[in-house]
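Report on the structure given below.
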2 protein chains.
Amino acid sequence: MAIPRAAKTQRRTRIQEEKEEIILEAALDVFSVSGFRGSTIDQIAEVAGMSKPNLLYYFRTKEAMHRALIDRVLFTWLEPLRAFDANGNPESEIRSYIRRKLEMARDFPRESRLFANEMLQGAPHVEDELRGPLKSLVDEKVEVIRTWAQAGKIAKCDPYHLIFSIWSTTQHYADFDVQVRAVLGPEHSGEGRFEDAARYLEQLFVDGLRIRGPRA
Amino acid sequence: MAIPRAAKTQRRTRIQEEKEEIILEAALDVFSVSGFRGSTIDQIAEVAGMSKPNLLYYFRTKEAMHRALIDRVLFTWLEPLRAFDANGNPESEIRSYIRRKLEMARDFPRESRLFANEMLQGAPHVEDELRGPLKSLVDEKVEVIRTWAQAGKIAKCDPYHLIFSIWSTTQHYADFDVQVRAVLGPEHSGEGRFEDAARYLEQLFVDGLRIRGPRA
DNA sequence: TGTAATGTTTACCAATCGGTCAAATTATCC
DNA sequence: GGATAATTTGACCGATTGGTAAACATTACA
């Protein structure tokens with residue numbers, strides 16, 4: 001008798017590891033474009049190259065697949081912020097945070113879109129994670145930024161909105177990719193647009209945070 | 001015999017105007033949360049408070065409803081950018097553009113989310129509008145900004161990415177509203193967050209664009 | 001190599017999907 | 001007030017949805 005999801009053996013089979021990976025990969029393809037409600041198990045099964053019941057053998061419901069995916073993505077999504085170092089140099093920390101977030105937008109656009117889709121729908125599946133781990137981490141980094149500002153290392157600013165603006169500007173290049181390409185035109189839609197964005201954003205944020213000297 | 005959508009009379013009935021308005025309002029509610037694929041005619045019909053066939057009497061297909069909605073939203077979405085005045089003062093023009101966009105995020109979050117949903121899905125229904133009218137308008141304003149920079153009125157910067165960053169930061173407060181509220185916590189989730197955002201963003205962009213004098 | 005656990009497939013289900021149709025109801029205008 | 005056009009509804013359709021049952025195939029391990 002088949003017992004899905006290794007309930008009996010505790011240890012996961014080689015096949016389980018492989019297939020679950022393939023499924024989550026396919027699920028990411030589909031969910032990131034159509035959102036939870038707009039995606040179907042059949043679509044995912046087709047992308048994964050296996051039958052629907054086979055897929056449901058590994059993840060018993062559509063919700064289960066989505067949850068597994070969200071958990072994984074949320075973790076990597078927060079990586080750059082976690083790397084934000086209180087002991088580093090403010091300017092270079094912000095610079096590399098922007099760079100890291102832009103690299104994620106370039107290298108993992110599906111993950112970014114999955115997350116964006118979830119937010120647009122009111123975060124029905126991750127509200128707890130937002131209020132818990134996410135808020136805690138942000139609060140922690142906000143304190144760092146505040147300390148920097150009080151020490152006169154950077155200009156005073158609202159740290160929450162600073163973080164929001166870095167999130168939104170960087171993720172924009174993943175989530176609104178079609179729009180960016182359409183506006184830039186085919187001649188500027190190569191991968192170079194990420195370098196242009198990095199240059200622009202670093203200038204924007206670093207200059208914006210520099211302590212302003214005697215007015216020009 | 002009933003001829004849908006006033007094919008015969010040319011002029012639209014009072015009832016037609018009213019009902020189409022109610023339907024589009026309901027459709028905005030639903031589409032903005034679940035996207036096109038994830039929304040159902042039944043949902044919209046329920047929100048609109050009428051039967052499904054009745055709804056389909058005014059809009060023959062789900063696509064027709066979505067298109068009518070997109071056309072309307074795209075127009076108002078571009079209003080602030082259209083208002084961007086080449087003859088105005090650069091600093092105050094950018095300031096009021098940011099303010100206008102933030103007001104839209106506050107007052108029309110569903111419209112912003114509808115648009116974001118469409119972008120996430122690869123803009124299957126509006127790619128032409130992006131490449132055509134949108135790109136033209138942006139190109140026009142990019143020239144304005146470029147002229148300002150060349151005249152030494154503002155710092156040099158990539159005008160395209162400047163516009164992208166204003167779009168993304170302002171729309172963030174509509175599209176990622178749940179996240180913003182979760183991170184700010186219940187005590188800062190009142191309408192005041194838009195004022196805080198406005199203050200922060202105006203400072204960020206205006207300072208970032210000020211010609212920098214002798215270094216501080 | 002045998003066998004028990006694991007993995008896969010075919011056939012199927014009830015619910016929901018987008019959409020149609022004809023009949024019933026209501027508004028409009030002379 | 002009656003005819004005519006406009007509106008609304010309930011019953012229905014085939015396709016698709018998320019998910020199940022059980023037979024079948026494969027793997028792992030003694």
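By convention in this document, chain letters (A, B, ...) are assigned in the order of the sequence lines, proteins followed by strands, and residues within each chain are numbered from 1.
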With a 4.0 Å heavy-atom cut-off, tell me which residues in residues 22-30 of chain B come close to DNA chain C, sorted by residue number.
none
Would you mind reading off the distance between [X] atom [atom1] and [N] atom [atom2], rounded to a whole angstrom?
X        : N       : atom1 : atom2 : answer
Tyr57(A) : dA5(C)  : OH    : C1'   : 8 Å
Leu55(B) : dT7(D)  : CG    : C1'   : 13 Å
Gln16(B) : dT7(D)  : CD    : C1'   : 9 Å
Asn54(A) : dA21(D) : CG    : P     : 17 Å
Tyr58(A) : dG19(D) : OH    : P     : 18 Å
Lys19(A) : dT6(C)  : NZ    : P     : 16 Å
Glu17(B) : dA6(D)  : CD    : P     : 15 Å
Met50(B) : dG10(D) : CE    : P     : 14 Å

Is it the case that more than 12 heavy atoms not belonging to [X] sit under 6.0 Å from its [atom1] atom?
X         : atom1 : value
Glu46(B)  : CD    : no
Phe108(B) : CZ    : no
Phe84(A)  : CZ    : yes

Could you tell me whether Asp196(B) and Arg199(B) make a salt bridge, using a distance below 4.0 angstrom between a side-chain N and a carboxylate O?
yes
Using OP1 and OP2 only, check whether a side-chain N or O of Ser51(A) sits under 4.0 Å from dT9(C).
yes
Not counting sequence neighbours, list each pair that qualifies as a side chain to side chain donor-acceptor pair (under 3.5 Å) and has a residue in residues 179-190 of chain A.
Asp177(A)-Arg181(A)
Side chain to side chain, Asn117(A) and Asn117(B), heavy atoms closer than 4.5 Å
yes
Quiz item: cation-pi between Arg110(A) and Phe31(A), 6.0 Å / 45°:
no
How long is the straight-line distance from OG1 of Thr61(B) back to NE2 of His66(B), given to the nearest 0.5 Å?
11.5 Å
Rounded to the nearest 0.5 Å, how far does CZ of Phe205(B) lie from OH of Tyr97(B)?
10.0 Å
Do any N or O atoms of the protein come closer than 3.5 Å to N or O atoms of nucleotides 16-19 of chain C, and which pairs are they?
unit_1, atom_1, unit_2, atom_2, d
dG18(C), OP1, Ser39(B), O, 3.2
dG18(C), OP1, Lys62(B), NZ, 3.1
dG18(C), OP2, Ile41(B), N, 3.0
dG18(C), N7, Lys52(B), NZ, 3.0
dG19(C), OP2, Lys62(B), N, 2.9
dG19(C), O6, Lys52(B), NZ, 3.4

